[in-house]
*Asks:* 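Dropping a structure here in structure tokens format, bear with me for questions.
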Amino acid sequence: MSAALPRAMGRAALGLATFALITAGSVALTRGLTEERIADNRQASRHREVATVAPAGHDGRLLDHVLTRPPAPAFGFEAPVTLWQVRAGERVLGVVVPVTSPRGYSGDIALVVGLDAAGTLTGVRVTEHRETPGLGDRIEARKSDWIEQFTGHSLANPPEGGWAVSQDGGGVEALTGATITSRAVVAAVHRTLQWVEAQPALLAAPDSGETP
């Protein structure tokens with residue numbers, strides 16, 4: 001009887017250890033698969049965002065040509081800027097720049113801004129925000145067409161002073177009841193245009209002699 005008890009305890013301990021190993025392995029495997037799926041979904045989402053505002057005629061490899069630039073506080077970029085150069089083969093069609101405005105009514109507003117090689121806006125989309133439902137959230141393309149008014153404009157169009165909402169004497173119509181939100185988006189787009197113009201190498205072909 002006394003010898004049987006240690007054997008039973010040993011078998012129980014072995015069983016518990018085996019169960020623990022199987023459980024730990026299952027958890028690790030599930031976590032690995034989940035993280036991979038999340039990363040894939042995030043990559044697909046980013047590709048859709050970039051494709052929505054990128055110049056037409058690109059080769060589809062929208063996330064392959066990544067450029068990083070140092071902070072530019074004068075233009076509101078306090079951290080290094082990572083953007084995408086849009087190409088058709090070796091020909092540069094434009095860039096897509098992610099930008100965040102800290103001036104939203106309820107916090108930061110994140111956007112992607114697309115420009116062609118001439119510095120003309122090919123699209124602007126809001127990717128993240130916490131603006132007021134029914135008012136400020138109409139900066140989203142799926143809730144109104146307000147954001148579409150930027151497409152086709154450039155640093156010189158509207159003319160100097162025009163890059164402001166109409167309430168401030170500018171040429172951009174603000175969302176009704178969401179002037180602060182509108183100002184934040186307009187300011188972010190405007191400074192992105194200024195920043196890109198100050199860096200012509202962003203739009204230079206890889207073999208042009210410019211430093212990409």
*Asks:* How many angstroms lie between atom NE2 of His58 and atom NE2 of His65, to the nearest 0.5 angstrom?
*Replies:*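 Reported value, rounded in 0.5 Å steps: 11.0 Å.
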*Asks:* Would you say Ile147 ends up clustered with Tyr105 if hydrophobic residues are merged whenever their side chains have heavy atoms under 4.5 Å apart, either directly or through other cluster members?
*Replies:*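 The answer is no; the residues belong to distinct hydrophobic clusters.
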*Asks:* Do Glu148 and Arg125 sit within salt-bridge range, that is, some charged N less than 4.0 Å from a carboxylate O?
*Replies:*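 The answer is yes: the pair qualifies as a salt bridge.
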*Asks:* Taking side chain as C-beta onward, heavy atoms only, is Leu175 less than 4.5 Å from Ser144?
*Replies:*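 Leu175 vs Ser144: side chains touch.
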*Asks:* May I ask you to test the Asp108-His129 pair for a side-chain heavy-atom distance under 4.5 Å?
*Replies:* no
*Asks:* For the pair Thr120 (side chain) and Asp116 (backbone), establish whether a donor and an acceptor sit closer than 3.5 Å, ignoring hydrogens and angles.
*Replies:*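 A pair under 3.5 Å: no.
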*Asks:* Backbone N or O of Thr176 within a donor-acceptor pair of the Arg138 side chain at under 3.5 Å?
*Replies:*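 Between the backbone of Thr176 and the side chain of Arg138 there is a qualifying donor-acceptor contact (under 3.5 Å).
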*Asks:* Within the 3.5 Å criterion, strictly below it, is a donor on Glu131 or Thr181 matched to an acceptor on the partner's side chain?
*Replies:*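 Present: a donor and an acceptor within the cut-off.
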*Asks:* I would like to know whether Val97 and Val196 meet side-chain contact (heavy atoms from CB on, under 4.5 Å); could you show each step before the answer?
*Replies:* CA-CA 9 Å; Val97 184; Val196 171; 4.1 Å; yes
*Asks:* Can you give me the closest heavy-atom contact between Gly119 and Leu193, atom names plus distance?
*Replies:*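 The pair with the smallest heavy-atom distance is O-CD2, 3.7 Å.
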*Asks:* Report yes or no: is the cationic atom of Arg191 (NZ for Lys, CZ for Arg) closer than 6.0 Å to the six-membered ring centre of Phe77, at no more than 45° off its axis?
*Replies:*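 Ring-cation test returns yes.
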*Asks:* Kindly work out whether a path of hydrophobic side-chain contacts (I/L/V/M/F/W/Y, heavy atoms less than 4.5 Å apart) joins Leu155 to Val172.
*Replies:* yes
*Asks:* Between Trp163 (side chain only) and Ser154 (backbone N and O only), is there a donor and an acceptor less than 3.5 Å apart?
*Replies:* yes
*Asks:* Carefully, step by step, assess Val99 and Leu111 under the rule side-chain contact (heavy atoms from CB on, under 4.5 Å).
*Replies:* CA-CA 5 Å; Val99 57; Leu111 312 98; 4.0 Å; yes
*Asks:* Answer with yes or no whether the hydrophobic clustering places Leu135 together with Ile139; edges join I, L, V, M, F, W, Y residues whose side-chain heavy atoms lie under 4.5 Å apart.
*Replies:* no
*Asks:* Can you name the nearest heavy-atom pair linking Ala88 to Gly57, along with the distance?
*Replies:*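 Nearest pair, atom of Ala88 first, then Gly57: CB-O, 3.5 Å.
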*Asks:* So, do Pro70 and Pro80 sit near enough that their side-chain heavy atoms are less than 4.5 Å apart?
*Replies:*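 Not in contact.
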*Asks:* So do Leu121 and Val189 actually touch side chain to side chain, heavy atoms under 4.5 Å?
*Replies:* yes
*Asks:* Would you sort out whether Asp64 and Trp84 count as a side-chain contact (heavy atoms from CB on, under 4.5 Å), showing the intermediate values?
*Replies:* CA-CA 8 Å; Asp64 288 358; Trp84 300 274; over 6 Å; no
*Asks:* Side-chain contact test, heavy atoms from C-beta onward, threshold under 4.5 Å: evaluate it for Thr68 versus Val81 and give yes or no.
*Replies:*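 Thr68 vs Val81: side chains apart.
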*Asks:* Within the structure provided, determine whether Val92 and Leu202 are in side-chain contact (heavy-atom separation under 4.5 Å).
*Replies:* no
*Asks:* Do Leu83 and Trp195 have side chains that get closer than 4.5 Å, going by heavy atoms?
*Replies:*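 Leu83 reaches Trp195 side chain to side chain.
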*Asks:* Would a distance-only check, ignoring hydrogens and angles, find a side-chain to backbone donor-acceptor pair under 3.5 Å from Ser166 to Gly171?
*Replies:*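 No.
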*Asks:* Can you give me the closest heavy-atom contact between Ala184 and Gly104, atom names plus distance?
*Replies:*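 Heavy-atom minimum between the residues: CB-N, 3.8 Å.
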*Asks:* CD/Glu49 to CG/Leu63 distance, rounded to the nearest 0.5 angstrom?
*Replies:*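 So the gap between those two atoms works out to 9.5 Å.
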*Asks:* Does the pair Ile109 and Val126 meet the rule for a side-chain contact (heavy atoms from CB on, under 4.5 Å), with working shown?
*Replies:* CA-CA 7 Å; Ile109 299 174; Val126 173; 4.0 Å; yes
*Asks:* If only atom types and distance count, is the side chain of Thr100 paired as donor or acceptor with the main-chain N or O of Ala110 below 3.5 Å?
*Replies:*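 Absent.
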*Asks:* Any salt bridge between Arg183 and Asp168, counting N to O under 4.0 Å?
*Replies:*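 Looking at Asp168 together with Arg183, the answer is yes, because their closest N to O distance falls below 4.0 Å.
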*Asks:* Tell me the closest heavy-atom pair linking Gly89 and Asp59, and the distance in Å.
*Replies:*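 Nearest heavy atoms, Gly89 then Asp59: N-OD2, 3.3 Å.
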*Asks:* For Gln85 versus Ala204, what's the shortest heavy-atom pair and its separation?
*Replies:*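 Looking at all heavy atoms of both residues, the closest pair is NE2-O, 3.3 Å.
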*Asks:* Examine distances only and state if a side-chain atom of Gln149 and a backbone atom of Glu173 form a donor-acceptor pair shorter than 3.5 Å.
*Replies:* yes
*Asks:* Quick check: closest heavy atoms across Gly94 and Leu203, and the distance to 0.1 Å?
*Replies:* CA-CD2, 3.7 Å
*Asks:* Under a single-linkage definition using a 4.5 Å side-chain heavy-atom cutoff for Ile, Leu, Val, Met, Phe, Trp and Tyr, are Ile180 and Val124 assigned to the same hydrophobic cluster?
*Replies:*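 The answer is no; the residues belong to distinct hydrophobic clusters.
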